[in-house]
Protein chains: 2
Amino acid sequence: MSAIRGARERARDEIVAAIKEEARRQLARDGAAKLSLRAVARELGMVSSALYRYFPSRDELLTALIVDAYDAVGARAEAALAAADPADPAARWSAVCGAVREWALAHPHEYALIYGSPVPGYQAPEATIEPAGRVALALVAIARDAHAAGRLKELQVPPAPPVVCTDLERLTAEYALGLPAPVAAALVASWAQLFGLIGFELFGQFNNVVEARDAFFAHSVRGLAHQIGITDPESAPAGS
Amino acid sequence: MSAIRGARERARDEIVAAIKEEARRQLARDGAAKLSLRAVARELGMVSSALYRYFPSRDELLTALIVDAYDAVGARAEAALAAADPADPAARWSAVCGAVREWALAHPHEYALIYGSPVPGYQAPEATIEPAGRVALALVAIARDAHAAGRLKELQVPPAPPVVCTDLERLTAEYALGLPAPVAAALVASWAQLFGLIGFELFGQFNNVVEARDAFFAHSVRGLAHQIGITDPESAPAGS
DNA sequence: TCTCGCGCAAGAGCACCGCTCTCGTTGTTG
DNA sequence: CAACAACGAGAGCGGTGCTCTTGCGCGAGA
């Protein structure tokens, strides 16, 4: 039951994939609130009760879609990180942030599913926490590499209070991030703030406020990078 | 039909208020997705169809709650602004940001309703845009006053690109904000980023990441203030 | 190879939802 | 006082998530 699996098991996997595909299509079209098990089953030519053989509840289906969405945006972020010039922290930062934003704009309902309001009884079901960290880890990698290369400027902001430092030291120790606590604090803040920018743009808060969305985002993301000590190559003095 | 209104009209206002009150209670308990017209009506001792005399649809009821929520958080922000030392921009900034966060922590579902994913077919129904701006205007007032008092430091970040500047100049002209475009750009970014911080804390993204929530938020908010040129009094030279 | 058992689809059904329509009733107003 | 409009109640439509039972057919073990 390990290497070669029975035809039944393979068929099951295919059906699960088909259900998720159709559910993702409905999610992209109508949003999470309108996702209906009956509609998914109808579209797949089965009866609604048959679907419960594969997902024990609507929430479980949504959880599966949440995991997939985290993985999708995480993969985009990692791809953007891999494609950027490793020697240019500012470019890497902009590339990852831009990739996340573009994925969000292309999949607004999936973005809302994972970074918007938690849908029903809102618990993070354990299986989501690992894929949820992929974007964060991409950002961490940028900061870690820049720090290791000595490309991180001294922070301009007032130092983090001790309780925050111990908090972040635990975090950097646990994940072996190799970052000083003040930088880690700035990084976590930037991470959250990045999704504030994206969320406001996506959810209409920037309507009648910001029109040049691309340029504004790029500019704000430069500000976030600056916040953790990553400066544009042209604006940073190379020597001192 | 103006000064002294009939008993019927007065009863109508009372019923509308009772409906909103019960709806807000259910919203706070179960979230927007679970808000049910039938349950509200049941709790109020009426039949569900009677409710449609007061709200033409469930979405209209939700819109009313959205407006109320915007007004509530806006009022909190304005109250915090009024209570803070007018001569201390950093204190005002922290006070307003902290007030917004505290309201969000106290009313998570209402916060999710207005700053989370837009619920169904997501349109901002015109009536929401004015109360939605109250928090932003409170933040603007801080920056404007600080700028007028010469308390805004030169921005440390690279200048905003021209297209962003023209965008923000239109905005400052339209609302008579009295802010230079680069400061306005930083302010809008900080505004969005503030809600990124609050949203991540509220929606569980900081679980197992940030434990000292109060201190971390206070520290990050200082960073946001720094971003628009507001510095802590103790870290800013008083004279020059 | 045959048969047994398990996985499965199907259908009926329950309780609930948003929303509509009709029908008496009742307060308001000309 | 009478006509009218607003109102509450009720039935009903189509939809939802979810459960339970039933019977069938495929795959694995004898």
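Keep in mind the model is a prediction, meaning the values are calculated, not measured. In what follows, chains carry the letters A, B, and so on, assigned in the order in which the sequence lines appear, proteins first and then strands, with residues in each chain numbered from 1.
One cannot find a donor-acceptor pair under 3.5 Å joining the base of dG7(C) and the side-chain atoms of Arg12(A).
Listed by chain and residue number, Tyr70(B), Tyr111(B), Phe195(B) satisfy the ring pair (Phe, Tyr, Trp, His ring centres under 6.0 Å) test with Tyr115(B) (two or more places apart in sequence, or in another chain). Under the side-chain hydrogen bond (donor to acceptor under 3.5 Å, both in side chains) criterion, Asp71(B) pairs with Arg134(B), not counting sequence neighbours. Take Arg101(A) and apply the side-chain hydrogen bond (donor to acceptor under 3.5 Å, both in side chains) test, not counting sequence neighbours, and it matches Glu201(A), Asp214(A). Qualifying ring pair (Phe, Tyr, Trp, His ring centres under 6.0 Å) partners for His219(A), counting only residues two or more places apart in sequence or in other chains: none.
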Just list the side-chain donor-acceptor pairs under 3.5 Å for residues 14-22 of chain B, sequence neighbours left out, or say none.
residue: Lys20(B); atom: NZ; partner: Asp68(B); partner atom: OD2; Å: 3.1
residue: Glu22(B); atom: OE1; partner: Arg25(B); partner atom: NE; Å: 3.1
residue: Glu22(B); atom: OE1; partner: Arg25(B); partner atom: NH2; Å: 2.8
residue: Glu22(B); atom: OE2; partner: Gln26(B); partner atom: NE2; Å: 3.3

Expected list for residues 35-43 of chain B: side-chain donor-acceptor pairs under 3.5 angstrom, two or more places apart:
residue: Ser36(B); atom: OG; partner: Arg38(B); partner atom: N; Å: 3.2
residue: Ser36(B); atom: OG; partner: Ala39(B); partner atom: N; Å: 2.9

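No engagement by Phe55(A) is indicated, since no non-hydrogen atom pair under 4.0 Å with the nucleic acid exists. When heavy atoms are screened at a 4.0 angstrom cut-off, Leu35(B) is found touching the sugar-phosphate backbone but no base atom.
The shortest non-hydrogen separation linking Phe216(A) to Ala185(B) is CE1-O, 3.6 Å.
Picking from dT16(D), dA9(C), dC7(D) the nucleotide with the shortest atom distance to the side chain of Tyr54(B) gives dC7(D). Side chain of Ala39(B), nearest nucleotide from dG18(C), dC17(C), dC18(D): dC17(C). Nearest to the side chain of Arg53(B), among dC7(D), dC17(C), dC18(D), sits dC7(D).
Across the protein-nucleic acid pair, Arg10(A) atom CZ and dC26(D) atom C1' stand 14 Å apart, rounded to whole Å.
Counting only residues at least two apart or in different chains, side chain to side chain donor-acceptor pair (under 3.5 Å) contacts with residues 187-199 of chain A comprise Ser190(A)-Gln227(A), Gln193(A)-Gln227(A).
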N/O-N/O pairs, protein side and nucleotides 10-14 of chain D side, under 3.5 Å:
residue: dG10(D); atom: N7; partner: Ser49(B); partner atom: OG; Å: 3.4
residue: dG10(D); atom: O6; partner: Ser49(B); partner atom: OG; Å: 2.6
residue: dG12(D); atom: O6; partner: Arg38(B); partner atom: NH2; Å: 3.4

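Taking a 4.0 Å limit (strictly below) on heavy-atom distances, residues 14-25 of chain B reaches DNA chain D at Ile15(B).
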